[in-house]
Amino acid sequence: MSDEDADYGDVRERQLRIIEALLFASAEPLSLAEMSPYVGDGANLPALIEELRALYANRGVNLVRRGDRWAFRTAEDLGFLLRREEEETRPLSRAALETLAIIAYHQPTTRAEIEEVRGVAVGKGTMDILMEAGWVRMRGRRRTPGRPVTYGTTEAFLDHFGLEHLSDLPGLDELKGAGLLSSRLPPSLQIPLPFDGALREDEDPLAPDDMGEAQGDDE
Amino acid sequence: MSDEDADYGDVRERQLRIIEALLFASAEPLSLAEMSPYVGDGANLPALIEELRALYANRGVNLVRRGDRWAFRTAEDLGFLLRREEEETRPLSRAALETLAIIAYHQPTTRAEIEEVRGVAVGKGTMDILMEAGWVRMRGRRRTPGRPVTYGTTEAFLDHFGLEHLSDLPGLDELKGAGLLSSRLPPSLQIPLPFDGALREDEDPLAPDDMGEAQGDDE
Amino acid sequence: MNGSPTDWLDTDAPPATEVLHVDVDGYEGPLDLLLDMARRQKVDLAAISILALAEQYLAFIERVRERRIEVAADYLVMAAWLAYLKSRLMVPQAPDDDEPSGEMLAAMLQFRLKRLEAMRLAASRLLGRPRLGLQIYSRGAPEPLEIARKSIWEASYYELLKAYSAQRERGAVTEYRPYTRTVWSLQDARDILQRLIGDSAEWVAMDTYLEQYLARPDERATVRASTFASSLELVRQGEIEVRQSETFGPILLRRRKREQP
């Protein structure tokens, strides 16, 4: 091995250690952009992350992806061991849970659409609980009469339920195949997929002071 | 390798993973007694901990002992990662700018001399800012009663203001020519020739531990 | 997945006969009630008889109302819609009828039931995942970032030179003022002269008295002029005597001898 190679190896090893330390230190998942200033411009962050992920793949702690961010989390298979009974917090109400599932699988979606699926009104408290938990966020406003707020899930939602991407939602393919992600009947040829990316064409951004109150008269 | 060995390896590997996850998830360092229930009676905990410690010895995160307990901590040499400096560009205050200008032209100069030109006292904060900016330094102490500190500019000062030498600072005629000084000034007005070379005859060097505090009773 | 942590999906619904005699409090709306009824048919929702389901629902609402139990409007709206659906299913569609067929309406209801059931299953599966803080843990002792703010100071060369020039100009103006103040007023000169001459009865040259005030060349003229004018005033008042023996010779001053009382 030439000296240059050795140097390169040293640099890379140090970059790996830095990323490891950063991710270990943080309770929240970190994006590549957040880690980048610490390792310098020359670093190939995706490759380093992948190396670290492989290194920890069979450990008690794994490097997991959460949307566009990365975090160390205890291994899934040890869950039963580590489960802390006393920590079971106030369980979610059935209404909140169903609403969360509908938002997750149908996002971006409006309150009216959620109510259409459930066949019953969504109480304001239900939405508040989900937003307070940090799992649901207001994305924008749909460009339809009444400009209803559109809702979607957050990265904290992915983190809490151990999902890498929205596409990891359990049973997503079956639901899609059965045409059950459509909000309209009959199931259209194009089945919408849940989408938590940037605003869509039919969504407007929220104004900074928009607290999600109804606008216009249709909502 | 016999099947038994393989099984033993598996068991041990699993115990290691459990300890790893426990230590990672714990808010406090853990004692062997606290970890023991999770790995079962048969486990040789000290050996497992030692193996884990060695495994992490050169990583970005180390397994460290805290009294009788163990915890993961960011490797010491990477501690700087957790103390990030954020740079913020701010305009120099008028007081600081004026003080800097006087030091530049009148150096080596003392605080009392600066105050004489300015007509107002120079706050400690102002000097601190100029020294922190790296533009002003303490040169030595003047051999006069009170032994006041003499101040001068630095190379960083020249760099920042694009000067090759201190003598590039414009003199009286040039300042008048640039319209910065009125041409109706009394003829007695002199602009000193700044000097940023080695210590002058009336300057003593600073002792290594001299922090610039006033000495004697005249300052 | 180690069991379903949710209990609502797996909780046995009350026996059917009882349900039909109980109020609708336990249901999350008419769709929920319909779904529960459909599940009791123990067949795939796809194979369900929507007509039978509609009849069952209508009969249930009828019985509830017979007992004068209040039913939420949602349930009644659904009942009306199901009655309409039933009529559309039972009466063959006329050729000029633009409204959706009974089959289409039935398919719509079937779709909604399937979709609601699917969302419930999805919710249950979500809850069954290893969840953060329950089975999966983040770092228990995160090491937070300390952010030290460091200021980068900004100043231009022009600002620096301007700051210096402005201060020197300011200083130069204040140095001017004492010059204008050193014009001796007659009163000042008189007071000083009185003090200097004191009780001296000897002839002393005025310049000798003023020695210390004449050091600055630019003040000499004003000092002399004011003092001489004052001395004449003092002579007039009989305080002092003035003598000059030759032109441009020294001006001598002395206290005038007081008349003996």
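Note that the structure is predicted; figures quoted are calculated from it, not measured. The chains referred to below are lettered A, B, ... by the order of the sequence lines, with proteins before strands, and numbering in each begins at 1.
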Within a radius of less than 6.0 Å around [atom1] of [X], do more than 12 heavy atoms belonging to other residues, nucleotides or ligands occur?
| X | atom1 | value |
| --- | --- | --- |
| C:Arg65 | CZ | no |
| C:Tyr157 | OH | yes |
| A:Asp128 | CG | yes |

May I ask you to name which of [options] has the most heavy-atom pairs under 4.5 Å with chain C?
| options | value |
| --- | --- |
| A:Glu76, A:His160, A:Glu28, A:Glu174 | A:His160 |
| A:Ala95, A:Ser26, A:Ala104 | A:Ala95 |
| A:Asn62, A:Val61, A:Leu163 | A:Leu163 |

Calculate, to the nearest 0.5 Å, the distance between atoms [atom1] and [atom2] belonging to [X] and [Y] respectively.
| X | Y | atom1 | atom2 | value |
| --- | --- | --- | --- | --- |
| A:Thr74 | C:Arg139 | OG1 | CZ | 13.0 Å |
| A:Leu175 | C:Lys114 | CG | NZ | 11.0 Å |
| A:Leu100 | C:Leu126 | CG | CG | 6.0 Å |

I need the minimum non-hydrogen distance between [X] and [Y], along with the two atoms involved.
| X | Y | value |
| --- | --- | --- |
| A:Ala27 | C:Ser138 | O-CB, 3.8 Å |
| C:Phe111 | A:Gly179 | CE1-O, 3.3 Å |
| A:Val117 | C:Leu116 | O-CD1, 3.7 Å |

Examine whether an atom of [X] lies under 4.5 Å from a heavy atom of chain C, and if so say whether it belongs to the side chain, the backbone or both; otherwise answer neither.
| X | value |
| --- | --- |
| A:Leu81 | neither |
| A:Ala75 | backbone |
| A:Phe161 | both |

### Task
Taking C:Arg112 for its side chain and A:Glu116 for its backbone only, find out whether a donor-acceptor pair lies under 3.5 Å.
yes
### Summary
Assert top hit (heavy-atom pairs under 4.5 Å, partner chain A, pool C:Asp32, C:Leu34, C:Ile136, C:Leu35) equals C:Ile136
### Message
Is there a side-chain contact between A:His106 and C:Met119 in this structure, where contact means two heavy atoms from C-beta onward sitting under 4.5 Å apart?
### Response
yes
### Query
Does any non-hydrogen side-chain atom of A:Leu180 lie less than 4.5 Å from one of C:Glu117?
no
### Message
Among residues at least two apart in sequence or on other chains, which ones pass salt bridge (charged side-chain N to carboxylate O under 4.0 Å, His left out) with A:Asp196?
### Response
none
